[in-house]
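One structure, pasted below without further comment.
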Amino acid sequence: MFANYDQIIERLSVNQLWDFPGGVHPPQQKSLSNKSNIEFIPLEPTYYVPVKQHIGVEGKLLVAEGDRILKGQLLTASESPFSVPVHAPTSGIVAKITRHVSAHPSGIPELSVIIDADGQDTWIELKPVPDYAKADKSELIERICDAGISGMGGAGFPTHIKTNNSKPLEFLIINGIECEPYISSDDRLMREHAWQIRQGIDILVHILKPKQVIIAVEDNKPEALETMSIACQQKTNYQVVNVPTKYPAGGEKQLVQVLTSREVPSDGLPIDVGCIMYNVATCYAIADAIVEGKPLIERVVTLTGRGLKSPKNVWARLGTPIQSLLLHGNYDASTQSSPRFIMGGPMMGFTVTSVLTPIVKISNCILVPADNELPHPEDERACIRCSACSDVCPASLLPQQLFWYSKSKELEKAEEYNLFDCIECGACAYVCPSEIPLVHYYRQAKADIRNQREEKEKSDKAKIRFEVRTARLQKEKEAREEKYRLASEARKASMNKDGGNAKDKIAAALARAKAKKEAFAKEAENAQSAENIKKKESVSELSDSFALPKTKLVAVDEDAAAKKERVAAAVAKAKAKKVAADEAKKENKEL
Amino acid sequence: MTLTLIALAAIALLALIFGSLLGFAAIRFKVEGDPLVEQIDAVLPQTQCGQCGYPGCKPYAEAIANGDDINKCPPGGEATIKELATLMGVEAKPLDSAHGVESVKKVAFIREDECIGCTKCIQACPVDAILGAAKQMHTIIIDECTGCDLCVDPCPVDCIDMIPVEVDSSQWEWEFNKVPAGNIPVRQVS
Amino acid sequence: MTMLSLSSSPHHHNRRDTGQVMRIVCYATIPGILANIWFFGFGILIQIALAIITALVTEGVIMELRQKKTERVLKDYSAVLAALLLAVSIPPLAPWWVIVIGTFFAIAIVKQLYGGLGYNMFNPAMAAYVMLLISFPIQMTSWLPPLSIAEQSHTLWDAIHTVFTGFTSTGFSVEQLKVGVDGTTMATPLDEVKTALLQGYTVTEATTRIIFDGAYGKGWLWVSLAYLLGGLFLIKNKIISWHIPGSMLASAALLSLSLFLIDGDQYASPLFHIFNGSLIIGAFFIATDPVSASTTVKGRLIFGAAIGLWVIIIRNWGGYPDAIAFAVLIMNMAVPLIDYYTQPRTYGHKNKASKDS
């Protein structure tokens with residue numbers, strides 16, 4: 001079904017590629033920001049570093065409020081294989097460890113380390129690997145993990161996990177596509193730091209030993225293509241490939257298809273078809289981590305859109321609030337009727353909920369569109385079934401059917417139509433003539449399904465626990481009943497042995513109890529009358545002195561009561577005897 | 001006469017063949033369906049809260065199978081009623097408010113310095129999600145708590161609170177109007 | 001704190017909305033309409049005007065009753081387009097009430113009763129056309145001969161007069177207008193051939209009659225070519241895809257060709273079938289109605305091809321001379337089935353069966 005290695009190499013050598021279905025050609029707008037060099041920006045007074053910036057679990061905090069820290073110091077430790085540490089972006093003091101607005105469309109606050117910079121920007125002692133070619137594979141992977149590197153193209157998958165590969169690898173694909181309009185951070189990085197990217201690739205080649213390296217760059221970035229070609233020209237098995245511009249060619253699955261004609265299985269990874277893919281920025285960070293020993297604490301961020309007077313690319317430390325980046329880009333508030341800042345590109349980025357939202361490892365762009373540039377969405381109209389959406393879907397889904405089922409919450413049906421194969425690229429909503437926010441519906445449906453699955457898991461567990469508990473209680477009850485039964489049988493047996501005697505004793509005990517009860521009733525009556533006497537006294541006094549008169553009265557009446565009790569007991573005894581005798585007679589009769 | 005006999009014989013033969021065919025199919029291709037009670041129980045949220053008036057989800061499932069109303073489960077809410085309606089082939093109806101109203105998901109929390117260690121909540125918990133011993137402080141295993149509320153009443157010192165479960169970003173359902181940042185004017189999509 | 005506005009990605013849109021799409025389709029009919037006026041007079045303009053007014057009023061009233069945003073819905077131009085397509089499908093001098101009833105039926109019954117735009121199962125224009133054809137067969141088959149061979153010419157004023165009163169300003173009836181210069185009553189080319197075949201003539205003999213110009217009806221060829229031009233314009237601008245018109249014309253051509261090769265006396269040539277009647281406008285403007293057509297690529301090919309087959313089958317062996325409307329309606333019914341069985345293979349899935357696993 002798919003092309004084999006030799007066929008692929010043959011086609012790549014003449015830059016003849018495959019195609020993926022669908023796709024769109026939104027206006028590129030890259031020239032807004034890609035004209036000038038990546039700028040350095042002055043230090044921030046405060047950084048907000050979220051503890052979790054990748055897919056997986058967060059690490060364990062290593063610092064406490066008030067700690068003095070150095071630039072590059074570990075803030076969290078990677079405890080499980082799926083966690084990636086974060087580092088201090090500069091030297092200073094941990095001002096607070098608290099929940100801070102997250103770089104997520106929901107903005108739901110997440111645990112963050114808030115750092116007050118001291119302005120010294122002092123590095124912690126760096127430990128580069130002197131010669132990676134001699135280093136052990138596992139040591140390099142550990143270094144990559146400790147440097148806090150996770151995929152910088154968008155998804156944020158921990159890089160060390162991807163790199164710790166044991167399956168046969170044919171193609172190491174370096175993704176320099178950057179197919180989202182407006183964004184030019186990878187473009188500038190390739191133009192200015194092709195050599196370091198190449199170093200990163202070399203390290204990956206050393207670890208992964210691929211048969212072929214493909215560096216894919218979209219043809220709307222001729223300068224980057226050229227610099228990458230020059231940087232890689234000495235390496236015979238590095239091939240820089242010119243990919244025709246089409247959105248979303250930079251999607252992992254789409255790029256694998258374009259370069260190799262192979263399709264990543266829907267429940268698998270690119271390695272299942274012999275490919276592993278890294279973003280160029282990730283390669284750059286790997287080189288930094290191994291060669292310089294520097295952890296990932298900054299990245300290139302594109303500041304663009306017509307809402308900024310001076311769009312550009314900057315080196316932003318992780319944890320920089322976007323507010324200050326807006327200042328660097330000369331935000332022009334008059335271009336927007338209501339402020340709108342997009343983290344990421346116009347197709348897949350999200351609107352931030354606060355200007356204090358921090359830059360994280362996956363933030364490649366801050367887009368500030370003017371009102372007339374990316375108009376605010378209008379209300380959706382009825383779907384006219386034009387299927388423009390399915391014509392552009394790169395995953396060959398039926399977006400229209402997914403839309404019906406997502407909207408009507410027929411989630412099972414939506415899943416049947418492969419909802420989870422949707423990569424949320426937004427091509428469908430981009431072309432929808434009825435301006436239906438299709439991807440929004442898919443996201444809601446996906447979240448619904450995920451939450452339902454989670455709930456189902458929980459309820460299954462609860463069910464088991466309930467059933468086990470019920471069974472245990474049942475068993476306990478049975479055991480108790482069994483005990484009672486045995487006890488009563490034993491009593492009966494002993495009674496039969498002793499005849500009426502035992503019965504006498506029981507009856508006597510019962511009578512005593514009855515007498516006592518009567519006595520108490522009397523006592524209570526007396527107490528009541530005592531209370532009546534004291535009625536006029538205040539409530540507090542009453543409650544304070546309650547015990548006293550009661551005991552007194554009891555004492556006074558004690559003799560009489562005792563007498564009565566004795567009489568009653570005697571009467572009861574007599575009665576009991578008679579009853580017992582009757583009973584014994586009866587029993588005898590029965591026997 | 002013979003013709004009639006032949007016809008009768010033919011019909012009888014056919015009846016025999018098809019009859020045995022059907023019989024064979026019934027045995028050979030028998031589909032072992034989930035017993036109804038199991039299916040209903042699978043739909044119920046398993047909070048074991050007893051708000052339906054039955055001591056747990058399974059008993060309610062049995063009751064539904066025997067014809068009780070499907071709208072007595074507040075924790076399940078609208079979604080569960082809808083599913084039950086599909087399963088039972090009846091009309092979905094609104095939640096019976098006599099049994100409570102649908103609310104946000106909660107878990108119990110014991111204010112531990114006030115706990116006197118009476119074990120009453122432990123006995124009330126239908127899923128053994130409370131840890132503790134007599135005269136010892138108790139605590140809730142959050143992951144196991146179904147938010148059924150049953151431990152709140154028995155507590156003699158009222159030290160159990162029901163706390164709404166906080167949504168984190170991975171559970172967020174893309175409802176921009178429920179963004180915690182609050183006063184943001186939201187351009188409602190759809 | 002700054003108040004930020006939030007929305008879900010993509011934040012970009014290609015700015016082509018439903019109204020625009022429908023409007024462009026309307027524009028694409030202009031060459032065909034002009035050709036029609038040139039060859040058959042101004043009747044078509046009056047029909048279009050009546051249809052659009054009726055459609056807008058009907059849709060507007062229903063939107064008000066359904067308490068929807070009337071203006072917004074009217075601006076999607078779907079009602080206008082449906083009215084337009086119905087108007088160009090009926091005889092130009094049909095009485096005014098025919099088109100009014102037809103348009104009302106199309107909008108109110110076929111479209112809105114099913115839930116409005118996007119929910120109707122049948123093509124509104126074609127459903128209305130069939131309703132009219134069955135209800136008012138005389139009015140719906142009173143086609144005029146091309147002006148060049150008509151005995152009586154008529155002006156715009158005549159056309160208006162005829163549509164509203166049944167007679168031209170000078171007192172001629174539609175029956176009289178139908179008479180050609182040779183004194184016989186004219187019909188459409190398809191009618192003509194069908195009748196001739198019934199009378200025992202061959203196709204070749206039938207096409208020697210006065211309304212024919214070679215194998216094609218006088219004027220009809222040019223009207224068809226004009227619509228073809230509009231259709232190609234739509235494909236070029238990616239308003240419609242080539243699949244439905246392509247497969248429809250191809251299958252109609254193939255079937256008629258094989259029949260023609262079997263017996264050229266009984267069955268007309270593929271070119272005759274394509275350029276006479278409304279096969280071209282049907283292929284590019286009617287079968288491509290997105291709402292009622294198939295939505296998958298394979299499905300569209302099947303949908304178009306089946307319509308082409310039905311058209312030729314009905315034309316040759318059915319009771320009606322032309323069959324676009326019937327063919328389209330039949331296939332509208334099959335759309336859910338076609339769509340279900342022609343789902344594309346999703347990326348990363350081996351085949352459709354794998355989605356069950």
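These numbers were taken from a predicted model, which means no experiment stands behind them. Order of the sequence lines sets the chain letters (A, B, ...), proteins ahead of strands, with each chain counted from 1.
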For this session: Write down the atom of His12(C), the atom of Pro181(A), and the distance for their closest heavy-atom approach.
Result: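 Heavy atoms only, the tightest pair is CD2-CG, 4.4 Å.
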
Exercise. So, Ser8(C) versus Arg443(A): side-chain donor-acceptor pair below 3.5 Å or not?
Worked result: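 Result is yes, a qualifying pair exists.
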
For this session: Output the distance between atom OG (Ser292(C)) and atom CD1 (Ile384(A)), rounded to the nearest 0.5 Å.
Result: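 One gets 11.0 Å once the value is rounded to the nearest 0.5 Å.
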
For this session: Verify the neighbour count for atom CZ of Phe104(C): are there more than 12 heavy atoms of other residues, nucleotides or ligands below 6.0 Å?
Result: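 Atom CZ in Phe104(C) is not packed in, count stays at 12 or less.
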
Exercise. Between CD of Gln400(A) and OG1 of Thr295(C), what distance do you get to the nearest 0.5 Å?
Worked result: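 It comes to 5.0 Å.
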
Exercise. Looking only at atom types and distance, does a side-chain atom of Arg16(C) sit under 3.5 Å from a main-chain N or O of Val431(A), one as donor and one as acceptor?
Worked result: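 Pair absent, no side-chain N/O of Arg16(C) close to backbone of Val431(A).
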
Problem set entry | Minimal non-hydrogen separation, Cys386(A) against Pro290(C), with atom names |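 Closest pair (atom of Cys386(A), atom of Pro290(C), distance): CA-CB, 3.4 Å.
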
Problem set entry | Contact leader toward chain C among Ser387(A), Cys393(A), Pro394(A), Gly426(A), where contacts are heavy-atom pairs under 4.5 Å |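 Most heavy-atom pairs within the cutoff with chain C belong to Ser387(A).
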
For this session: Without swapping roles, check the side chain of Thr18(C) against the backbone of Pro433(A) for a donor-acceptor pair under 3.5 Å.
Result: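 Between the backbone of Pro433(A) and the side chain of Thr18(C) there is a qualifying donor-acceptor contact (under 3.5 Å).
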
Exercise. Where on Pro375(A) is there a heavy atom nearer than 4.5 Å to chain C: the side chain, the backbone, both, or neither?
Worked result: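 For Pro375(A), the contact with chain C is made by backbone and side chain together.
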
For this session: Can you see which heavy atom on Val291(C) is nearest to which on Arg385(A), and at what distance?
Result: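 Smallest heavy-atom distance, with atoms named: O-NE, 2.6 Å.
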
Problem set entry | Top contributor to chain C contacts, counting heavy-atom pairs under 4.5 Å, from Leu367(A), Leu397(A), Ile342(A), Leu438(A) |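 Most heavy-atom pairs under 4.5 Å with chain C: Ile342(A).
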
Problem set entry | N/O donor-acceptor pair under 3.5 Å between His11(C) side chain and Gly349(A) backbone |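 Yes.
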
Problem set entry | Interchain contact, Pro369(A) with chain C, by part (heavy-atom threshold 4.5 Å) |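 No part of Pro369(A) comes within 4.5 Å of chain C.
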
Exercise. With no hydrogens and no angle check, is any side-chain donor or acceptor of His13(C) less than 3.5 Å from a backbone partner on Cys432(A)?
Worked result: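 Yes; at least one donor-acceptor contact below 3.5 Å.
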
Problem set entry | Heavy-atom closest pair, residues Val439(A) and Ser9(C) |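 Closest approach of Val439(A) to Ser9(C), heavy atoms only: CB-O, 3.8 Å.
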
For this session: Check Glu263(A) against His349(C) and note the closest heavy-atom contact, atom names and distance.
Result: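 Looking at all heavy atoms of both residues, the closest pair is OE1-N, 4.4 Å.
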
Exercise. Which answer fits Gln323(A), side chain, backbone, both or neither, if we ask what part of it has an atom under 4.5 Å from a heavy atom of chain C?
Worked result: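 Interface part for Gln323(A): neither.
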
For this session: Would you mind telling me which of Arg72(C), Arg15(C), Gln20(C) has the largest number of heavy-atom pairs within less than 4.5 Å of chain A?
Result: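 Between Arg72(C), Arg15(C), Gln20(C), the count favours Arg72(C).
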
Exercise. Got a donor-acceptor contact below 3.5 angstrom from the Tyr347(C) side chain to the Lys253(A) backbone?
Worked result: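 Present.
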
For this session: Please state whether the side chain, the backbone, both or neither of Asp339(C) comes within less than 4.5 Å of a heavy atom of chain A.
Result: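 The side chain, not the backbone.
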
For this session: Would you mind telling me which of Gly344(A), Gly345(A), Cys428(A), Cys383(A) has the largest number of heavy-atom pairs within less than 4.5 Å of chain C?
Result: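 Highest number of pairs under 4.5 Å: Cys383(A).
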
Exercise. Where does Lys69(C) contact chain A at under 4.5 Å (heavy atoms): side chain, backbone, both or neither?
Worked result: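 Contact with chain A involves the side chain of Lys69(C) alone.
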
For this session: Identify whether the distance between the nearest side-chain nitrogen and carboxylate oxygen of Asp391(A) and Arg300(C) falls below 4.0 Å.
Result: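 Yes, charged N to carboxylate O under 4.0 Å.
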
Exercise. Relative to chain C, which segment of Leu374(A) carries a heavy atom at a distance below 4.5 Å: side chain, backbone, both, or neither?
Worked result: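 It is both, since atoms from each part get that close.
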
Problem set entry | Most chain C-contacting option - heavy-atom pairs closer than 4.5 Å, from Ala427(A), Ala382(A), Ala395(A) |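 Highest number of pairs under 4.5 Å: Ala395(A).
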
Exercise. Does any non-hydrogen side-chain atom of Leu398(A) lie less than 4.5 Å from one of Pro344(C)?
Worked result: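 Result yes, sub-4.5 Å side-chain heavy-atom pair found.
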
For this session: Assess the side chains of Asn418(A) and Thr346(C): does a donor N or O sit below 3.5 Å from an acceptor N or O?
Result: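 Yes, side-chain donor-acceptor contact under 3.5 Å.
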
Problem set entry | Ser434(A) portion near chain C, given a 4.5 angstrom heavy-atom threshold |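 Ser434(A) touches chain C through backbone and side-chain heavy atoms alike.
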
For this session: Would you please test Ser5(C) and His376(A) for side chain to side chain contact (heavy atoms under 4.5 Å, CB included) and show each step?
Result: CA-CA 9 Å; Ser5(C) 69; His376(A) 286 280; 3.4 Å; yes

